[in-house]
2 protein chains.
Amino acid sequence: MTDVAARAKVSLKTVSRVVNNAPHVQPELVERVLAAVAELGFRRNLLASSLRSGQTTATIGLLIEEIANPFYATIAGTAAEIARQHDTMLIIASSEEDPGRERQLLRDMCARRVDGLLVVPAGDDHSFLRAEVELGTPMVFLDRPAGGLLADTVLLDNRGGALAGVRRLVEAGHRRIGILLDSIGVYTMRERLDGAQDALAPAGVPYDTRLVRDGVRDPAAAARAVAEMLERPDPPTAFFSLNNRITLGVIEELHRRGSDAALLGFDDFDMARLSPYPLTVIAYDTRELARAAAELLFRRIGGDRSWPRTIVLPTELVTRGVPPR
Amino acid sequence: MTDVAARAKVSLKTVSRVVNNAPHVQPELVERVLAAVAELGFRRNLLASSLRSGQTTATIGLLIEEIANPFYATIAGTAAEIARQHDTMLIIASSEEDPGRERQLLRDMCARRVDGLLVVPAGDDHSFLRAEVELGTPMVFLDRPAGGLLADTVLLDNRGGALAGVRRLVEAGHRRIGILLDSIGVYTMRERLDGAQDALAPAGVPYDTRLVRDGVRDPAAAARAVAEMLERPDPPTAFFSLNNRITLGVIEELHRRGSDAALLGFDDFDMARLSPYPLTVIAYDTRELARAAAELLFRRIGGDRSWPRTIVLPTELVTRGVPPR
DNA sequence: TATGGCTTGGACAACGTTGTCACAATAGCG
DNA sequence: CGCTATTGTGACAACGTTGTCCAAGCCATA
């Protein structure tokens, strides 16, 4: 900037004024400065700028589990879009469900002085963020609640959605329902399982733990679990898969076997409509989830100091798929 | 930091040494400093740190077209993973195919002094980045080449893939092939179309522009285009869809009509295997594309000043899908 | 004992920017 | 004509950190 000033034969401050579009600079000087900027290829250093002016870096952090997963990709896309509306850049990092890594990444983002944080929690203790919150960094948790920290949160109605879906299965007469889940350690899985139990109990359907498979991490594992259950003496007549990765594997296996078991899946997905096997899904609006969280965050960044809020978004039961022949 | 120094009764510099794990500090003093850091909730300001120390911000920028698209989400995930291996954060932004926005976002990233840039170009003139390149910011372009700028580039063999795929259709006896593409303005689409022509010409199959539809932006448009073409007096016996969004719509329409047209699609996708309609896809390894680009970028950041390189990754013809009955 | 090296701590400036303040030049007023 | 506003410009310090340099203390060696 000093070089630009010298070249344009003005003071440092005038250059600063020009690059910040500040008023009260003669048009002629503006010309000279802009010419010098162009000639020297000067580019403002935003690091120094936000260091000096203090408050804002025009950056927010987004912490998710895994970027490549379409659910999180949708969240990231929506967050980026809303960030852009506020002329803000987005730093994205994946925790890969590792609390230690989550902690390190969040600390790093804070050290970079992000204006706010959007977090899909991996761990269950976020008290280490308390100092940061008190220091004034706004943060909003989404999809899962923070642990040990009172903070803004946007959730889905996991329990209600599972309740409605499983109730439909029960009402259709199913009494042996195979349930497949990723990991009981994850909040959303626990909620969905609870919702299923909420539907089974009042209908007098026993909750048979032999029909519940934890640790189903990918489509192949889901297919194997389905195969095993179907080979039991009294196989399930319906399956409830607790996320879309699992649903994929279940569809494949049921289709392969020409089974006529009913299928209920949590999470809708793009290609559900192309499924060769009929299925009902518990759908929700991922974009809305991200939008609600991001907009709340920017309200906080804008100075909203009201009491932390929890928003729960509804789910919807959708029947999809091509009927089997 | 001054407060921490006061509290620990040491000098500012000693605190700096401790938080940077620098050697030559008495263990007792380290204790005192860390205690003060904890009590005061001190957190290093990385902005100031990289401002002072000059060179590195431990941040790279990734510019893509649209985060929520699985192709770009995969790229982002891979880039984030490799960035993490280098203890680097990732700033992601979407250009939404808008050259003006691309320019603004890249400028902004440069102003934030990213250590390097990973760019899927939207525009066709990137000469505005020349100053930045000369200033020493490494950048690698992927999926599409940069315009008016000699730079590292990682591409797919779009033309070769399309050639191989269409050749297979021609060899199977197809002479009327409907081709659907997003936008002729996009580099990859042009290359794929050229590849198709490369296969048609030597086989003596005329290139009938009435069988080529540009501007097919979403599955619904693809379905409509297929419907129209099939209602012509001499309908195509095969379709070549130039990206996976289009392929989805084509599958749906062909399946709905019970058509027996052959289908070739550029881009593989997760659920291709579940397609109710048989299809052949031109597949490639998106992760490999991103990995090659990111690793090249970090080699540049690490000081590799060799001549800019262009890497072209191969594609593969894969037959997928459930045969129609 | 003198000399030199090594370890440890501290003073100071600098990174690139902007806020504060002061001053100069011009215009408007009585 | 002198006075105050108003506008345009610049000197300077400060943001939070770290590199450079120096000094003091200690030990080992000559």
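For the numbers below, each heavy atom of this structure counts, side chains included, while hydrogens, waters and symmetry mates do not. Within every chain, numbering begins at 1; the chains are lettered A, B, ... in the order of the sequence lines, protein sequences first and strands thereafter.
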(message) Using OP1 and OP2 only, check whether a side-chain N or O of A/S16 sits under 4.0 Å from C/dT18.
(response) yes
(message) With a 3.5 Å distance limit and no angle check, can you tell me whether A/N243 reaches the backbone of A/R245 through a side-chain donor-acceptor pair?
(response) yes
(request) Rounded off to whole Å, could you give me the CE-to-P distance for the B/M1 and D/dA14 pair? (result) 18 Å
(request) Output the single nucleotide from D/dT18, D/dG10, D/dT9 whose closest atom is nearest the side chain of B/L12. (result) D/dT18
(message) Between P on D/dG16 and CZ on B/R43, what's the gap in Å once rounded to a whole number?
(response) 15 Å
(request) In whole angstrom, give the distance that lies between atom CD of B/E28 and atom C1' of C/dT7. (result) 16 Å
(message) D/dT9, OP1 or OP2 - any side-chain N/O from A/T14 closer than 4.0 Å?
(response) no
(request) Check whether any side-chain nitrogen or oxygen of A/R113 sits under 4.0 Å from OP1 or OP2 of D/dG16, and answer yes or no. (result) no
(message) Using whole Å, what does the distance between atom C1' of nucleotide D/dC15 and atom CG of B/L51 come to?
(response) 9 Å
(request) Side chain of B/A48 only, please: which of D/dT17, C/dT20, D/dC15 is the nearest? (result) D/dT17
(request) Answer yes or no: does atom CD of A/E31 have more than 12 heavy-atom neighbours from other residues, nucleotides or ligands under 6.0 Å? (result) no
(message) Can you classify the ring geometry of A/F71 versus A/Y284 as parallel (below 30°), tilted (30 to 60°) or perpendicular (above 60°)?
(response) perpendicular
(message) Keeping B/R112 on the side-chain end and A/L47 on the backbone end, is there a donor-acceptor pair under 3.5 Å?
(response) no
(message) So does B/P121 get a backbone contact from the side chain of B/R144, meaning a donor-acceptor N/O pair under 3.5 Å?
(response) yes
(message) For D/dC15 and B/N45 - does any side-chain N or O of the residue sit under 4.0 Å from the phosphate oxygens OP1/OP2?
(response) no
(request) May I ask you to evaluate whether A/S11 reaches the phosphate of D/dT9, defined as a side-chain N or O under 4.0 Å from OP1 or OP2? (result) no
(request) Look at the side chain of B/R52 against the base of D/dT17 and say whether a donor-acceptor pair falls under 3.5 Å; ignore hydrogens and angles. (result) no
(request) To the nearest Å, give me how far apart CD (A/Q26) and C1' (C/dA25) are. (result) 10 Å
(request) Tell me which of B/V10 and A/R44 sits closer to the 5' end of DNA chain C, going by the nucleotide each one is nearest to. (result) B/V10
(request) From the options D/dT17, D/dG8, D/dT9, select the nucleotide whose nearest atom is closest to the side chain of A/H24. (result) D/dG8
(request) Nearest whole angstrom, please: distance from the P of D/dG10 to the CZ of A/R17. (result) 8 Å
(request) Give a yes/no on whether any side-chain N or O of A/S53 is located under 4.0 angstrom from OP1 or OP2 of C/dT18. (result) no
